[in-house]
2 protein chains.
Amino acid sequence: MTELENYIHSYFKVFPDELTVISSLFKLTSLKKGGYFLKPGQICDLLSFHKSGYMRVFQPKGDKKITQWISYKGFFITDLRCIHFNQPTPYYMQALTDCEFYTITRDEYKSLADRLPRWHEIEKLCIASYFTVMEDRVFNLLSMPAAERYQHLLNEHPELFNQVPLQYLASMIGMSPETLSRLRKSTR
Amino acid sequence: MTELENYIHSYFKVFPDELTVISSLFKLTSLKKGGYFLKPGQICDLLSFHKSGYMRVFQPKGDKKITQWISYKGFFITDLRCIHFNQPTPYYMQALTDCEFYTITRDEYKSLADRLPRWHEIEKLCIASYFTVMEDRVFNLLSMPAAERYQHLLNEHPELFNQVPLQYLASMIGMSPETLSRLRKSTR
DNA sequence: GCTATTTCTTGATCTATATCAAAAGTACCG
DNA sequence: CGGTACTTTTGATATAGATCAAGAAATAGC
């Protein structure tokens, strides 16, 4: 069973033959360190499942780059704005390390629903779960001081601290790199 | 055409007979000012479309109450955590004014998909659009100072400033009521 | 309509976190 | 390897926004 099949199987009740249909359409693709999966203004026409490596999703704001998210093994990657509403993305998505994905194009993706009637439902559940993650992030940003946001990220995604430049993590949880550095020092 | 039919029709390509099926299942319900739509620990078993009035979604944190969202005419109201993943809600949802909704129970909701094959797709698109709203909120919280967050809310949802206590709006955009008061003064 | 209660404003402080600057550490590349 | 360029740390200072406290205004209840 591929990671993709495994992931879908572990989250949603899907029959083996449905799994096979899904994973037969996704093709293994890769991106070299530093390469861009997506740039602002483009219309994302891919849906990828992250197999290995780390990718940074960020958006420029003035002379800053705001890191929105770090994707790694187990996440789906796309821009819903593009795939579903045909709008250009505001994001850069850049590989921080060499990355591998299972990838489907937008056209294949559209045909997936024809071949697999439950696909919309699976996708709905997947997007719903990501929605609740975003709800929690908003709550955390509204309610937690910097120290608590740092602790929370450390608990939820400890592996990021070994693999990703700390300045990007600082941005992702809404603080300066200096503040993150001091928080790390104070809990050592 | 009811507000609900109108809303769905304006966002998604749905046939008239599909619309009729959808709106025949939703029943008009209401909630008095101060009443609770949902309290923490409950499992939300309703999906409502907001017809009139204002409702505050908030979550306690220490001795604070963090306002997560203000719902009004045109929003769907539920907790995805409950409806899709059967988990208890962390939220209070309380009517700030008398409210009316078009409401469907969870069981009817489950049967909707049987009667209307495209329902999962419609729902998926709806959740996807809410997801992008949350993405933008996270970006705004990460990248904007208080004054800019205030301006942004004022531009996007000006009606809230007449209908909703300002302290709740302040909480929703991550600042103290005093700060919001001063920002309002400075742009008058 | 009048009082009680809640909400909003204003001013005076305080503090968490940003910014700036430079040193120390680490990774990359010819 | 050894130098160049990033990244992280550390210290000094600045500042946005919080908190505290009190008065003014609005709203709700009788």
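Numbered from 1 within each chain, the chains take letters A, B, ... in sequence-line order.
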Looking for any heavy atom pair under 4.0 Å, which part of the strands does B/G34 touch: base, sugar-phosphate only, or nothing?
nothing
How close or far is atom [atom2] of [N] from atom [atom1] of [X], stated in whole angstroms?
X: A/I173; N: C/dA16; atom1: CD1; atom2: P; result: 17 Å
X: A/Q94; N: D/dC6; atom1: CD; atom2: P; result: 13 Å
X: B/N162; N: C/dT7; atom1: CG; atom2: P; result: 17 Å
X: B/L141; N: C/dT17; atom1: CG; atom2: C1'; result: 16 Å
X: B/Y150; N: C/dC8; atom1: OH; atom2: P; result: 13 Å
X: A/L169; N: D/dT7; atom1: CG; atom2: C1'; result: 13 Å
X: A/M175; N: D/dT8; atom1: CE; atom2: P; result: 14 Å
X: B/L96; N: C/dT7; atom1: CG; atom2: C1'; result: 13 Å

[X] side-chain N/O to [N] phosphate OP1/OP2 under 4.0 Å:
X: B/R184; N: C/dT9; answer: yes
X: A/K64; N: C/dT19; answer: yes
X: A/K185; N: D/dT9; answer: no

Under 3.5 Å, is there a donor on one side chain and an acceptor on the other for [X] and [Y]?
X: B/Y72; Y: B/E159; result: yes
X: A/R81; Y: B/T132; result: no
X: A/Q42; Y: A/T89; result: no

Counting side-chain heavy atoms from CB outward, which of [options] is closest to [X]?
X: B/T179; options: D/dT9, C/dC8, D/dA18; result: D/dA18
X: B/R182; options: D/dT19, C/dC20, C/dT17; result: D/dT19
X: A/L166; options: D/dT9, D/dT7, C/dA18; result: D/dT9

Those residues at least two apart in sequence (or on a different chain) that pass side chain to side chain donor-acceptor pair (under 3.5 Å) with B/D114 are none
Can the ring centroids of B/F101 and B/F37 be said to lie less than 6.0 angstrom from one another?
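Distance test on ring centres: under 6.0 Å, yes.
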For A/V164 and for B/L180, locate the closest nucleotide of DNA chain D by heavy-atom distance; then report the residue assigned to the nucleotide nearer the 5' terminus.
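Nearest nucleotide further toward 5': that of A/V164.
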Between the base of D/dC20 and the side chain of B/E178, is one N or O donor paired with an acceptor at under 3.5 angstrom?
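Under the 3.5 Å cut-off, the side chain and the base do form a donor-acceptor pair.
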Base of C/dC8, side chain of B/Q167 - is there a donor-acceptor contact under 3.5 Å?
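Check fails, no donor-acceptor contact within cut-off.
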